[in-house]
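Working notes for the structure below.
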Amino acid sequence: MGAGSGQVVDDTASGHFNASLAPDYIAIDKIEKGATMGIVFPKEMLVVPSPIAIFKGTPNLKAAQKFVDFLLSKDGQTIVAHEGTLPIRADVATDKKHACRPPTRRCNAP
């Protein structure tokens, strides 16, 4: 087994694993690129948004704060959603190209 979430998805797509727990955006990207696998969202699941942090003592505190503010803004979350990650803002919809996200629950290989 390799390192990282992408490797787990690759190993599942190749048939080395029968199933795996993986980040949705990585699995969906593989499916969209032709991997012969599917993805299922359980009825109940834990959603972990992408983390962001500012390190204590950073020499560029003002720039870091501006970046975090942008990333959490509607424009920033629209970019996040367009890239296939779930936005954290209620006023930003998931991008339509990622149609197999909840509540659909299932996304099959092409």
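All values derive from a computational prediction rather than experimental measurement. Only this structure's heavy atoms are used, side chains among them; waters, hydrogens and symmetry mates stay out.
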Single-linkage hydrophobic cluster, 4.5 Å side-chain cutoff, [X] and [Y] together:
X     : Y     : answer
Ile54 : Ile52 : yes
Leu61 : Phe67 : yes
Leu72 : Ile79 : no
Val80 : Ile88 : yes

Which atoms form the tightest heavy-atom contact between [X] and [Y], and what is the distance?
X     : Y     : answer
Ile39 : Ala27 : CD1-CB, 3.9 Å
Gln77 : Pro87 : OE1-CA, 3.2 Å
Ile26 : Ser5  : CD1-CB, 3.7 Å

From Ile28 CD1 over to Met37 CE, what is the distance, rounded to the nearest 0.5 angstrom?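 Answer for the CD1-CE pair, Ile28 versus Met37, is 9.0 Å.
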
To the nearest 0.5 Å, what is the distance between CD (Gln7) and OG (Ser14)?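 The CD atom of Gln7 sits 8.5 Å away from the OG atom of Ser14.
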
Go through the structure and list residues passing salt bridge (charged side-chain N to carboxylate O under 4.0 Å, His left out) with Asp91, not counting sequence neighbours.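 Arg89.
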
Does Val92 sit in a hydrophobic cluster with other residues, and if so which ones, taking ILVMFWY side chains as linked at heavy-atom separations under 4.5 Å, directly or through other members?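 So far as hydrophobic clustering goes, Val92 is joined with none.
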
